[in-house]
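We use all heavy atoms of the structure for the numbers below, so side chains are in, but hydrogens, waters and symmetry mates are not.
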Amino acid sequence: MINSMKKHIRSLRYLTSVISLALMLVSLGALAVRGLNLGLDFTGGMVTEVALAPTVTNHQLLDAVQPILGESATVTKAGEEGRWVIRYSLPEEQTSLPDLASGLASVSSQVSVISNSVVGAQVGQDLLEQGGMAMLVCLLAILGYLCLRFEWRLAGGSLVALLHDVVLVLGFFAITQMEFNLTVFAAILAILGYSLNDSIIIADRIRELLIAKQDEATEQINDQAVIGTFSRTMVTSGTTLITIAALWLMGGSALLGFSTAMFIGVLSGTWSSISIGTVLPEWWKLKPVHYLPPEIDTAP
């Protein structure tokens with residue numbers, strides 16, 4: 001029974017590795033061909049705050065402003081009742097602001113434009129550069145930690161699993177052309193931490209078994225490590241996905257990108273730690289001898 005389970009686990013690991021490789025190639029192709037649909041946080045645009053009747057809903061407001069401002073327009077609630085923040089981009093040839101007050105009269109009897117502010121393209125470029133730098137620093141810090149904690153074969157498998165998760169999320173946003181903004185970027189940073197946690201749990205178990213069972217093949221040790229951590233992984237991923245589902249259902253359009261990115265990242269992080277994080281060390285010939293203390297020559 002146990003041997004049969006191990007064979008199924010090994011087949012699952014190898015199958016998901018092939019699927020992961022295919023998805024990474026598709027995602028990289030989509031990024032190269034279509035690119036990301038950067039939001040106003042990165043490209044610049046207008047931010048308008050309005051006060052409307054308290055009965056106006058998110059969907060009503062969005063249906064009213066998108067014909068005027070375009071499909072890129074987004075609406076979020078401000079701090080006070082009846083106040084909304086509308087974000088939209090202006091075409092380059094347009095020099096005057098659209099007449100929002102007239103357009104919103106169809107959904108609210110009380111319309112008051114409180115403020116208009118411009119998010120400059122230079123500010124958006126700065127945010128993009130700072131976000132890229134933040135991700136680079138995060139990856140370098142993770143790489144340094146993995147190199148100190150594990151032998152390079154296990155560390156490399158965990159790092160590639162992290163990159164796989166990020167590429168899949170970016171590829172999804174490139175394929176669907178959903179808006180990529182600062183909240184989505186924050187989700188990617190959160191995914192890095194979540195996926196790293198899963199990978200470390202499995203890699204730590206592999207290291208323990210390599211030291212304890214030096215006569216067994218690496219493939220069998222990896223199977224045992226996955227089986228030993230499987231229930232913990234499923235419980236952690238399941239409860240996290242329930243929380244993300246609540247954000248997706250109740251967070252509205254403001255959290256749609258964040259919850260979508262997190263959902264994809266948690267799913268891919270779960271299977272990449274089981275597949276890529278264990279299969280790559282096997283390909284790189286990880287053996288128990290790599291975790292044994294070096295022999296000291298005592299000869300005079």
Are side-chain heavy atoms of [X] and [Y] found at a separation under 4.5 Å?
X: S237; Y: D198; value: yes
X: V85; Y: V75; value: no
X: M234; Y: T270; value: yes

Enter the distance from [X]:[atom1] to [Y]:[atom2] here, rounded to the nearest 0.5 Å.
X: Y14; Y: I19; atom1: OH; atom2: CD1; value: 15.5 Å
X: D165; Y: L196; atom1: CG; atom2: CG; value: 10.5 Å
X: S259; Y: M250; atom1: OG; atom2: CE; value: 12.5 Å
X: L210; Y: I221; atom1: CG; atom2: CD1; value: 4.5 Å
X: N222; Y: S275; atom1: CG; atom2: OG; value: 11.5 Å
X: S20; Y: L168; atom1: OG; atom2: CG; value: 7.0 Å

F172 vs T260, side chain to side chain contact (heavy atoms under 4.5 Å, CB included): CA-CA, chis, key distance, verdict: CA-CA 10 Å; F172 175 85; T260 301; 3.5 Å; yes
Does [X] belong to the same Ile/Leu/Val/Met/Phe/Trp/Tyr cluster as [Y], with side-chain heavy atoms less than 4.5 Å apart forming each link?
X: V160; Y: L21; answer: no
X: V235; Y: I244; answer: no
X: F263; Y: I242; answer: no
X: L163; Y: V18; answer: no
X: L189; Y: V166; answer: yes

Using atom types as modelled, flag every donor-acceptor pair under 3.5 Å from a side chain in residues 135-143 to any protein atom, sequence neighbours excluded.
none

For the student: nearest non-hydrogen atoms of [X] and [Y], plus distance:
X: V279; Y: S17; answer: CG2-OG, 3.2 Å
X: A155; Y: F150; answer: N-CB, 4.1 Å
X: L162; Y: L192; answer: CD2-O, 3.5 Å
X: A186; Y: F258; answer: C-CE1, 4.4 Å
X: R205; Y: G228; answer: NH1-CA, 3.7 Å
X: W284; Y: G157; answer: CZ3-N, 3.6 Å

Pairs of donor and acceptor atoms involving the side chains of residues 24-39, under 3.5 Å and at least two apart or interchain, shall be tabulated with distances.
{"from": "S27", "atom 1": "OG", "to": "L23", "atom 2": "O", "distance (Å)": "2.9"}
{"from": "R34", "atom 1": "NH1", "to": "I175", "atom 2": "O", "distance (Å)": "2.7"}
{"from": "N37", "atom 1": "ND2", "to": "Q177", "atom 2": "O", "distance (Å)": "3.0"}

Got a donor-acceptor contact below 3.5 angstrom from the [X] side chain to the [Y] backbone?
X: Q60; Y: T57; result: yes
X: N197; Y: I200; result: no
X: R232; Y: I201; result: no
X: S195; Y: I191; result: no

Stepwise salt bridge (Lys or Arg N to Asp or Glu O under 4.0 Å) check, R13 with E282: CA-CA 11 Å; R13 291 195 294 113; E282 291 179 17; 2.8 Å; yes
Does a side chain donor of either K213 or Q224 reach within less than 3.5 Å of an acceptor in the other side chain?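 There is such a pair between these side chains.
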Is a side-chain donor-acceptor pair under 3.5 Å present for Y194 with S199? no
Test T278 against D223 for side chain to side chain contact (heavy atoms under 4.5 Å, CB included), laying out the working first. CA-CA 9 Å; T278 61; D223 295 338; over 6 Å; no
Check the pair T229 / D204 against side chain to side chain contact (heavy atoms under 4.5 Å, CB included), numbers first and verdict last. CA-CA 10 Å; T229 58; D204 202 46; over 6 Å; no
Show your reasoning for whether side chain to side chain contact (heavy atoms under 4.5 Å, CB included) applies to F180 and I188. CA-CA 11 Å; F180 187 88; I188 290 178; 3.7 Å; yes
